[in-house]
Number of protein chains: 2
Amino acid sequence: MSHAYAFYGKGGIGKSTTASNVAVAMAKLGGKVLLIGCDPKHDSTFTITGHMIETVIDTLEKKNYHAEEIEPDDIIKTGYMGVAAVEAGGPPAGVGCGGYVVGETMKMLSRMGVYESYDVIIFDVLGDVVCGGFATPLQWAEYAVIVTANDFDSLFAANRICVAVKAKSAKYPIRLAGIIGNRIAPNQNGNGENGHELIDLFANEVGTGLVGLVPADDTIRRSRIEGKTLFEIEGVNTKPYENIANVLLCDPSVVIPTPMADRRVFQVIGNR
Amino acid sequence: MSHAYAFYGKGGIGKSTTASNVAVAMAKLGGKVLLIGCDPKHDSTFTITGHMIETVIDTLEKKNYHAEEIEPDDIIKTGYMGVAAVEAGGPPAGVGCGGYVVGETMKMLSRMGVYESYDVIIFDVLGDVVCGGFATPLQWAEYAVIVTANDFDSLFAANRICVAVKAKSAKYPIRLAGIIGNRIAPNQNGNGENGHELIDLFANEVGTGLVGLVPADDTIRRSRIEGKTLFEIEGVNTKPYENIANVLLCDPSVVIPTPMADRRVFQVIGNR
Ligand SMILES: Nc1ncnc2c1ncn2[C@@H]1O[C@H](COP(=O)(O)OP(=O)(O)O)[C@@H](O)[C@H]1O
Ligand SMILES: Nc1ncnc2c1ncn2[C@@H]1O[C@H](COP(=O)(O)OP(=O)(O)O)[C@@H](O)[C@H]1O
Ligand code: SF4
Ligand SMILES: [Mg+2]
Ligand SMILES: [Mg+2]
C-alpha cells in the first residue's frame, strides 16, 4: 500500500530539513522511500545522497529535451538508508519559469511509472507557491503536511497554503494530514508557554491537528552544514522525526482545511 | 538624492521584518521612505500601516484592469513615522502567475512617477526568485541587499541570488551593497564563535561585506505577532536596524558579486 506526502510551508521554515529526516525515519521502518525535490534550488536531497544530484532539467538539457529518452536511473539516485532521490531543479534565480519545470517533472515521473515503484513518496515543495506549477504536487499526493513555526509569518503562509489545499481537494484526493511545528522553543518569555500555543490556535482554527513537533536544535542547523540527516550523526536525538514518520505512516486523520480570511489570521494569531 | 534598495534572501529569513524596521529607521533619520512589498503574500508592510493594505492587483481588479485609472493614492498608504507603503500582491497560493504581477507592478510604479517621489525606496522581495518577474526589482534598485542567517541553506540561497544580481548588473545599475546577517546567535556550541563565521566566509568568497547584523531576539518574533516594528514598542533595542539604516544611507561600497559554483558552496560553507 503506497502513500504520498507533500510537504509545504513558509520558505525557510525547515521543509527540506524535516522532509529528508522523515524520509530516513520511514526507510528505517522498512519502507522503500522516494524523496522528490520540487524547488529550482534543488537542495531537498543532498543530505540523502551526499551531494547535489543532477536535476531533471539538467538531464533534459543533456538529452536535447527529448523527455521520452529519460530513464528512471538517469534522474533517481539512491542514498543513505536506501532512500531514493529526485530533484526537479529549475532555471537559475530570476530567469525562466520555475513553476513550469516543477509541473512538468510531476507529469514526467507519473508517465515513467515512478509513483507506483515506491512504498512512500515525499514531495518537498518550495516555500513561495506563486503559481499553479508549484501546486502540482498536490495533484499527485494523498496527504498534505504543512511545516510551520510558532510565529506570525509562518502561520500566515500556512493559511495561504490551506487555501491551495482546499482548492485542490475539490478535484483531487489530496487532504490535509496536519501541521508539523518546527523550531519549537518552550518558555521563550519565561512564562512557561509550551512554545507551540500559536500553532495549536491555528490548527484548531483551520480544522486540523499537529502531526508532530521538532524542537529548535542547533544540531539540526549543523547537520545541514555537514550535509547529513540526524540519523547519520552519532549521539543525536532523532525521535521527533521518528514520531512524525510513525504518525504519517499509520493512516493519519485527514481534513479539507477551513482557511481563514487574512483579517481573521490577525485576530487569531496576532493581537487584534 | 534618492536611493533605492532591493532586499532579497532565502524565504523566511527575515526580509520583511528587517526591511520594515530599516524603513522606519531611515524615516527617523529624516527621509521620505516608500516600502514596496513584492510578494503575492502581501505581508511586507502591515507593521507600518497596522493592517494589510489593498494590493495593486486588488486595485486593478476593482478598476476592471484599467491600469491607467490608478492613482498613487489608490495604492500608496502612509503609516508609522510617515513611512509610505505599497503591496504588489498577487494571486492566491498555487494559482495564476505571481511573477507577472510583481513585474507589472514595478513598471506601473515607474510610469506613475512614484520612484522619483521619495528619498528612499525599499523593495522587499519574496524568497524564491523562481522567474524573471521576481527579479524585476533589480531593474529599478540601485543597491541589492541580501539577508541571510549563519546556516547552510540561507547561504546557498544567497549564492543563487548573487547569480541573479550579477546577471542584472550587466544591463542595469544594480550593485550588491552587502549582506545582512539576521538571527545571529553567538556561542551556540559553547566554542565562543561570534555567530556569523559562515556569513563572513560567504561574504568574502563572493567579494562583498556585511552591511549589518541583527541578533536572534524573541522580541522581534513577538513584534510581528503584535503587527509592529520594534520602534513602536517600549524599551526594546532598535540599534541593529538603525545601524543598518546608517550604513545603507551613507554611500555604501558596492560590488558586482562573484557567486560560487554549487560544489564550491559545499566546500566553503559545508564541511567538504
Ligand atoms: N528544528 C530546527 N532547529 C534549528 N534549526 C533548524 C530546524 N529546522 C530547520 N532549521 C534551520 O533552518 C534552515 C533552513 O531549513 P530548510 O530545510 O532549508 O528550509 P525550507 O526547505 O523550508 O526552505 C536550516 O539550514 C537550519 O539551519
Ligand atoms: N532577528 C530575528 N530574531 C528572531 N526572530 C526573527 C528575526 N528576524 C525574523 N524573525 C522571525 O522570522 C519570521 C519570518 O520573518 P519574515 O520577515 O516574514 O521573513 P521573510 O520576509 O524573509 O519571509 C518572523 O515572523 C519572526 O518570527
Ligand atoms: S510565477 Fe510561476 S508561472 Fe509565473 S513566471 Fe514565475 S514561475 Fe512561471
Ligand atoms: Mg527547501
Ligand atoms: Mg517577506
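Convention: sequence-line order gives letters A, B, ...; per-chain numbering from 1.
Of the listed residues (A:P92, A:P40, A:P91), the greatest number of heavy-atom pairs within a distance under 4.5 Å of chain B belongs to A:P40. Contact count against chain B (heavy-atom pairs under 4.5 Å) is highest for A:G96 among A:G96, A:A164, A:G98. Put simply, of B:D151, B:D262, B:I13, B:V163, the one with the most heavy-atom pairs under 4.5 Å next to chain A is B:D262. Most heavy-atom pairs under 4.5 Å with chain B, from the set A:V165, A:D153, A:T136: that is A:D153. Counting heavy-atom pairs closer than 4.5 Å to chain B, the top-ranked of the candidates A:G94, A:G11, A:G127 is A:G94. In terms of heavy-atom pairs under 4.5 Å with chain B, the best-connected choice from A:S154, A:A93, A:A157, A:G99 is A:A93. With chain B as the partner, the residue from A:D128, A:D43, A:V101, A:L126 showing the most heavy-atom pairs under 4.5 Å is A:D128. Considering only heavy-atom pairs separated by less than 4.5 Å from chain A, the leading option among B:D39, B:N150, B:L198 is B:N150. Among the candidates B:A135, B:C131, B:G12, the residue making the largest number of heavy-atom pairs closer than 4.5 Å to chain A is B:C131.
More than 12 heavy atoms of other residues, nucleotides or ligands shown are found within 6.0 angstrom of OH on B:Y80. For A:K168, the NZ atom is densely surrounded, since the number of other residues' heavy atoms within 6.0 Å is greater than 12.
Relative orientation of the A:F156 and A:F266 rings is tilted, given thresholds of 30° and 60° on the angle between their planes.
Only the side chain of B:R221 comes within less than 4.5 Å of a heavy atom of chain A; its backbone N, CA, C and O stay farther away. In this structure, no portion of B:A149 lies under 4.5 Å from any heavy atom of chain A. Heavy-atom distances place both the backbone and the side chain of B:K41 under 4.5 Å from chain A. Heavy-atom distances place no part of B:L155 under 4.5 Å from chain A, backbone and side chain included.
Considering only heavy atoms from C-beta on, A:N159 comes within 4.5 Å of A:V206 through its side chain.
Between the side chains of B:D58 and B:H42, no donor-acceptor pair of N or O atoms lies under 3.5 Å. In the model, B:N187 has no side-chain atom that pairs as donor or acceptor with a side-chain atom of B:E193 under 3.5 Å.
For the atom pair B:S16 OG and A:F152 CZ, the distance stands at 11.0 Å (nearest 0.5 Å).
Taking the charged nitrogens against the carboxylate oxygens, B:E54 and B:K77 have no contact shorter than 4.0 Å, which rules out a salt bridge.
In this structure, the side chain of B:E87 does not engage the main chain of B:V56 through any donor-acceptor pair within 3.5 Å.
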